[in-house]
Structure formats: C-alpha cells, structure tokens
> 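Okay, here's the structure, questions in a sec.
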Amino acid sequence: MEKFGVANSQKYDVYASRLMPREEFFTSGHRSCQGCGEALAVRWVCKAIGKDAIIAHATGCMEIVSSGFPQTAWMHPWIHVAFENTAAVASGIETALRILQRKGKLGTPPKVVAMGGDGATTDIGLQALSGAMERFHNFTYVCWDNEAYMNTGIQRSSSTPFGAMTTTSPPGKQSIGQSTWKKNMVAIAVAHGIPYVATASPSYPFDLYFKVKKAIETPGPAYIHILSVCPTGWRSATDLSVRLGRLAAETAVFPLYEVVEGRYRITIEVPKIRPIKDYLKPQGRFRHLREPEVNFIQQQILERYELLLKKCEAPYPEFPSLTPPEEGI
Amino acid sequence: MGHREGMEVSIAVSHAVQLARAEAIAAYPITPQTHIVEHLSGMVANGDLEAEFINVESEHSAMSACIGMSATGARTYTATSSQGLALMHEILFIASALRLPIVMTVANRALSGPLSIWNDHSDIMAAKDIGWIQIFVENGQEAFDHTIMAFKIAENSNVLIPTIINMDGFILTHVVEAHNFVDQDMVDAFLPGYHPRHTLDPKYPVTMGAFAMPEIYTEVKMKHQVTLMNSYEHIVKVWQEWGDRTGRRYQPVERYKTEGAKTLLLTMGCLGEVAEIAVDELRAAGEAVGLVKLRLWRPFPFADLRQALAGADLVIVCDRALSPGGAAPPVLAELRSAFYPLSSRPQMLGFIVGLGGRDVSPENFKDILKRAQEESSHGPTQEFYLYGVRG
Ligand SMILES: Cc1ncc(C[n+]2csc(CCOP(=O)(O)OP(=O)(O)O)c2C)c(N)n1
Ligand code: SF4
Ligand SMILES: [Mg+2]
C-alpha cells in the first residue's frame, strides 16, 4: 500500500481506482439530496475504514438521510445518540473495547470512527471533541463540512464562510451575509497535539481514501475535516458538486493538506491558484456579493494560504514528538 | 460471609461498584458525589478494580460515554448530582430508549439557582420522566445493597433499563455508618457477568439510535412504558433473592407502625429515619400515627401504595422539591393522581420540607403532623405547605 501512499496517489490516479474496494458500506437507497457531496464523502470514508470498524454518528443530514427506522444504509455497527456528543460516545466505545480486550472478552478491537457535520463539530460538539482528543482516545473523528446547519434548513455555523448567505445570516441592507471568518478547526485539532490531522474532499477521492486509512492506522486520535459540497444549501447545480470541490482546492479556499505529528504538508499541490470568482460564481449563496467584497475575500484567502505554506516549510513541528521513551517513563 | 465495618457511605458505595465488577466508568466531579468517583479512580489506579475510568470533560459527555461503553458490552457505572444530572438531561432519555443497563448513583442535591450544594430532591424530580428505574435509599446499608442489586435488575434481559440509586447528598453521602459487607463470592454468584445480546460488533453489525417517524414513535414509547412497568416483578424478585442471601429484605413501599394509624406520613430517602423518631414518640403518647416510605419511585408502585395507605384518613406527603407554578409538588401530585380513581381514598396534604439542605428534625415532623391534622379538620387553607418558610 505504501508505494501508493498519499503523495503518490495522484500520479497513479489511473491505477488507484482499481485499488479501491468495491464493497459498499454506505449503501444506496438513503435519502440525501441529488448531488450531495456529503453522502459521497461518507461513501468513500466508509470504504477506507473497512469492515472492522464501529461508527458513532452525530445528528445531522447524514444521520437523518440514512437511518429512518426500520431502514439503515449502514453496513457497519453504527450508533447515533445526539447532536453534540459523538466524540464522547466514541470515547466510551473505544474505552469499552480496551477493557473488554484486557479482560479477554475480545480479540483485536475494531477501529472506532466518530462522524458529524460542521455544526456538530465546530460548534455544539467542540467541547466533547476537545475532551476526547485531549484524553487521547484511539479513534478517528471525521467532520462533514458543508458549511452550515443543513439538516435544520441552512442556518449559519462557525464554519460558514465569510459573505455566505444562509437563512440566519441573510444579506440585507445592513448585512453582507455571514460576517465572520470560517473557524479554523484543523488548527484547533492540531493544537491538541494529536498525531494525525488532515483536510480532504470527495472531489479528490484517492487523497481522501489514503488519508482516512492513515488516520485509522494511527494510534491515538486523528481528525479529518472534509469539505462536503451541498447543492441544496449552497444553491448550486447538482451536477457541479465534484467540480466545486475541485475549485475549492484550486482557488486555495480549501487547501488539501495533512499534519503528521505537528508537521504540515500540502498533499494536493496547486501550481497556479485560480481566482476566487471561479469558485464563488456557481454558488447562489454568494450571489449578492459585490466586487469589493469579492476582492476582500480574495486577498484574505491568499494571505491565509501563504501562512499555510509557511507552516509547511517550518523547520520545527507544532508540538514536541509524541513518541514515548522505549523504557517507559 | 461478609464483615461489618464502619466507613463513609460514599466509600461503601464505591466498594459496592467494585464488588459488582463494573468494567467501565465515566464520571465528572460534583459535590456531593465526588467521594464515590474519587475512590473508584483510586481502585482502578491500584488495580483493585479491573475497569477503565474516563475522566470526561462534562456530565453530558459522562452519560454519552456511558452509552458508548454500555452499547459496546461493558458493565457501566457513573455517579452525579444536581447540575450534573441537569446537564445530562438530554442524554438520559436516550440511554433508556436505547435500553442500556447503565447504573448511576445520584447524590441528591438542590438545583441552582441560587447555587446550593446541599440536599433536596429537586435534581431527580426534574428528571422523573427520563424512563429509568429510580430507587431511593435511606441509609448506608441500603445504598450499598441497592447499588449491587441495581446491576442485576438493569441487566435482566426482560428489563434492560438503566437504573438510578438516589441517595441524599451529605446527609447520607458524607456520614460514617456501619455497613454489613458481602464477600466477592457471594456477589459473583448473585450477579453473573454482563453478556448483552446486541452490541456494537462488526461481526453482527446493528444500527442503534435510528430515528422514528410518526408511524412508529408511539409504539416505541409504549414498549418502553410497558417494559418499565413490568420491571416491577423483576425488581421485587431481585430484592427477594438478596433478602434470602443476606437477610436484608426490601419492599417497594415500606411501612413503619402503620397498624391502625389514621394519619400517615409519607417520605422518601433518609428523612424516613428522622420521621420514625417522631412516630415513635407520638405512638408512645397514644396517637394513631404511622409512616410510609416510598422506596421505588419508578416504576410507580400503585398497588403497594394503595394497600399501604388504605386504612388512613389523612396522608401527609413530604416532598423535597417544589414544582413552581404547578398543581402540587411532584410526589404529592403523583399520589393524588394515583388515588383519584378510587372510590374511597384518604385526604392528602402536601408539606415541602428540607429544601436546599434545610434541616428537618423529629420535632418538625411532629409539628407537621399537628398542623396537618388542624388543616384537615377545618379544610385545607392552601394547596400545599412550604413548611417553615419565613416571610
Ligand atoms: C441539542 C440540539 N440542538 C439542536 C438540534 C437541531 N439540529 C439537528 S441537526 C442540526 C444541524 C446539523 O448541522 P451539521 O452538524 O452542520 O450537519 P449537516 O446537517 O449540515 O450535515 C441541528 C441544529 C439538535 N438535534 N440538538
Ligand atoms: S441538504 Fe445538503 S448535505 Fe444535506 S442531504 Fe441535501 S445536499 Fe446533502
Ligand atoms: Mg453542516
């Protein structure tokens, strides 16, 4: 697998598709909207984590479209408890597996994966996630970031980008829409000193696939932040979802990178950054923006991207090595 | 078998959890629950209890983690109090709906505000409808015994309902009492390991926590209600078996000197022992008064209560919580409701006592009895009485 590692995967795109598991763990028949990027992300993540895993999922679009009793789209053992506590539920699962294994009631424990939307992750569930990362549970947390509370009807979250129209950040005579900058959840995860953090997008499925594989193989907590195009909430054409994901990377709005033991690395290089207009234009949620605002966003995006590149060049990691001494402490 | 030893009740409870071989604990500190979880942490740290203890970052996460642990198949315990129980509130309903046999001690304490760390029942009464089995204990021995029994009740495959043991904060949690301990062999024989039928297991994948459309929600709730009511017989059976093994017998409703009593006090939790003193003194003075103690709060023991209160003309229900703006304090409200359909029923008057840690003495109970009898004779002047309130 290593020679098809993340860096190489793009070069081998043409072969990589043949390496992908055919088995579906997030099955068809669920009720997501046409062109849902989040459902696409779920499908790829579930392929990457493989059969031997337990999933805890937060309330949100992906839970609602997939689990109306008596039906389910999930082939994994799967539990939904509430909106803001998925990381805590996963903590419990991971802890129980550990004690059951120690007591000889269980062989090799399965992987534990927690999943939630941007609202579940960056807002209401941030405390539970912070606690779980700090306690260093051996689990992977995946955030489906469609940049708003879509399940409840497109309300703004702290992950909604500057300028975007949502039902609770409407543009008006005294508002340009969302007035705050998108919360940097990746940096927050990195600041917990966890061994693996990455951004991903289903528009780059092999990059996503190998990152998830890496995350679940990493002992300790891992965090993956996945940009998930939502045509319903973004007011975009349903056949543009994959395209918009690529544009997000190509305009540096959503760079694809990973942070391994505190060291940043871009995984999808963008030789020439495209103008932000290309990304904003196909989305109705940005339609009200005028040129000065677009220019402001353009400048902010580039500044932030420069800072990210600097982090990638940094000669030192964000935090000291996590590897414990061989003899114990 | 067993030995007798004096210790703080909280420590005895932690030993009960140890004897029950709890495997997974997630808890967050809050006075007056702290001593229980501190001692459990110590046992895990020293290898005296083969378990995992998660120091979660909130009670909301404590209950959420407990759900994860129990759903994975580990015997799960937690403890909390007051604000902690309130913070868990949302998740408590889901734990019971998922039918996970978590056992929790609630060290009863007043809810803010104003902030009060002291004892009353406002925390658990705000959570009476969470769909858990709820038991009140009166002294250290009961706290110890019921903690072990709770696991056996909750885990019964015909029950599978999480269970709360309520013990009064400070008044019970922080006193030193003599406890009759039981030994590990006895507990192992009484309480076998936990082997749930459905867990989160990749070999037999299941979906837990699916949402319900209107076509099925009512049926799910009905099933929960029926199972909770039917848990009564299993609870009584478990208590019976414990009684056979230890000689300590427990009833859903306990009676104290009720024979021939025309006036009855009704209490929950450790006020029972205080009320006993008042009843003893009044009986000695020739008054026909008695005491009924409600141990099993959920499922509500209709038949036992109707039997226990049958001969009385006046029942004085002592609540330790207020239902602001409501028809009656919580216990009185339920008792009146349970007796209303009967053709003959005692008069019921409600006295709210001991809010936010205010002391309740045997003298207070005597005073309450006197006042209640007066009120009864000329017809009640109030819907209920906030006993001893100034101003
Ligand atoms: C405590 C609580 N508050 C609010 C809600 C209502 N609610 C359910 S899903 C949701 C939004 C989900 O947004 P996100 O996490 O971004 O997921 P998405 O639906 O966008 O995939 C909200 C606000 C809830 N279920 N629980
Ligand atoms: S609202 Fe958006 S995220 Fe939710 S199912 Fe529809 S497309 Fe997917
Ligand atoms: Mg969202």
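To find a chain, count down the sequence lines: A is the first, B the second, and so on, and within it residues start at 1.
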> Specify which of Arg98(A), His76(A), Gln127(A), Lys51(A) makes the most heavy-atom pairs with chain B at under 4.5 Å.
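It is Gln127(A).
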
> Among the options Val220(B), Ile216(B), Asp201(B), pick out the one with the most heavy-atom pairs lying under 4.5 Å from chain A.
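Of the candidates given, the most pairs with chain A belong to Asp201(B).
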
> Nearest 0.5 angstrom please: Ser61(B) OG to Arg135(A) CZ, how far?
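Atom-to-atom, Ser61(B):OG and Arg135(A):CZ are 6.5 Å apart.
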
> Sort out for me which of Leu97(A), Leu106(A), Thr72(A) touches chain B most, counting heavy-atom pairs under 4.5 Å.
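Highest number of heavy-atom pairs under 4.5 Å: Thr72(A).
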
> Is it the backbone or the side chain of Val56(B) that comes under 4.5 Å from a heavy atom of chain A, or both, or neither?
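Looking at Val56(B), backbone and side chain both touch chain A.
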
> Please give me the minimum heavy-atom distance between Gly73(B) and Leu100(A), naming the atom from each residue.
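Result for this residue pair: O-CD2, 3.9 Å.
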
> Which value, rounded to the nearest 0.5 Å, describes the distance between Trp78(A) atom CH2 and Thr207(B) atom OG1?
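If I round to the nearest 0.5 Å, the distance is 6.0 Å.
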
> Which residues, numbered in order, of residues 86-95 of chain A come under 4.5 angstrom of chain B by heavy-atom distance?
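Ala88(A), Val89(A), Ser91(A), Gly92(A), Ile93(A), Thr95(A) fall under the 4.5 Å cut-off.
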
> Could you please spell out the steps behind the side chain to side chain contact (heavy atoms under 4.5 Å, CB included) verdict for Ile79(A) and Ile67(B)?
CA-CA 10 Å; Ile79(A) 184 169; Ile67(B) 287 181; 4.0 Å; yes

> Which one wins on heavy-atom pair count under 4.5 Å against chain A: Glu90(B), Met213(B), Met63(B)?
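Highest number of pairs under 4.5 Å: Glu90(B).
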
> Can you tell me if NE2 on His30(A) sees more than 12 non-hydrogen neighbours from other groups inside 6.0 Å?
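Result for NE2/His30(A): enclosed.
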
> Select, from Ala74(B), Cys66(B), Ser70(B), the one with the greatest count of heavy-atom pairs under 4.5 Å involving chain A.
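Answer, by heavy-atom pair count under 4.5 Å with chain A: Ala74(B).
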
> How long is the gap from CD on Glu215(B) to CZ on Phe69(A), to the nearest 0.5 Å?
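Spacing of CD (Glu215(B)) from CZ (Phe69(A)) equals 12.0 Å.
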
> I'd like to know which of Ala62(B), Pro202(B), Ala26(B) tops the heavy-atom pair count under 4.5 Å against chain A.
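Most pairs with chain A among the choices: Pro202(B).
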
> Give the member of Leu98(B), Thr76(B), Asn55(B) that has the highest number of heavy-atom pairs under 4.5 Å with chain A.
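Heavy-atom pairs under 4.5 Å are most numerous for Asn55(B).
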
> Please enumerate all residues that pass side chain to side chain donor-acceptor pair (under 3.5 Å) together with Asp118(A), with sequence neighbours excluded.
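Ser157(A).
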
> Identify which part of Ile64(A) has an atom lying under 4.5 Å from any heavy atom of chain B, answering side chain, backbone, both or neither.
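Interface part for Ile64(A): both.
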
> With a cut-off of 6.0 Å (strictly less than), are more than 12 heavy atoms of other residues, nucleotides or ligands near OH of Tyr217(B)?
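No.
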
> Is there side-chain contact between Glu134(A) and Glu57(B), with at least one heavy-atom pair below 4.5 Å?
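Answer no - side chains too far apart.
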
> Would you indicate whether Gln34(A), at its atom CD, is surrounded by more than 12 heavy atoms from other residues, nucleotides or ligands within a distance under 6.0 Å?
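Not more than 12 within 6.0 Å, no.
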
> Using non-hydrogen atoms only, which part of Ala56(A) is less than 4.5 Å away from chain B: side chain, backbone, both, or neither?
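Neither the backbone nor the side chain of Ala56(A) comes within 4.5 Å of chain B.
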
> Between His57(A) and chain B, which part of the residue has a heavy atom less than 4.5 Å away: side chain, backbone, both or neither?
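Nothing of His57(A), per the 4.5 Å heavy-atom cut-off to chain B.
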
> At their closest point, which heavy atom of Leu200(B) faces which heavy atom of Ile54(A), and how far apart are they?
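The pair with the smallest heavy-atom distance is O-CD1, 3.3 Å.
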
> Are His137(A) and Ile54(B) close enough, and set up right, to give a side chain to side chain contact (heavy atoms under 4.5 Å, CB included), and what steps lead you there?
CA-CA 10 Å; His137(A) 291 284; Ile54(B) 323 183; 3.8 Å; yes

> Are any of the side-chain nitrogens in Lys103(A) or Glu50(B) under 4.0 Å away from the carboxylate oxygens of its partner?
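No, Lys103(A) and Glu50(B) are not salt-bridged.
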
> Ser67(A) and Ala210(B): which non-hydrogen atoms are nearest, and at how many Å?
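Looking at all heavy atoms of both residues, the closest pair is O-CB, 3.0 Å.
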
> Can you tell me which portion of Tyr194(B) sits under 4.5 Å from chain A's heavy atoms? Options are side chain, backbone, both or neither.
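Contact with chain A: backbone only.
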
> Out of Ser58(B), Ala212(B), Ala24(B), Ala51(B), which one racks up the most heavy-atom pairs below 4.5 Å with chain A?
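The answer is Ala51(B).
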
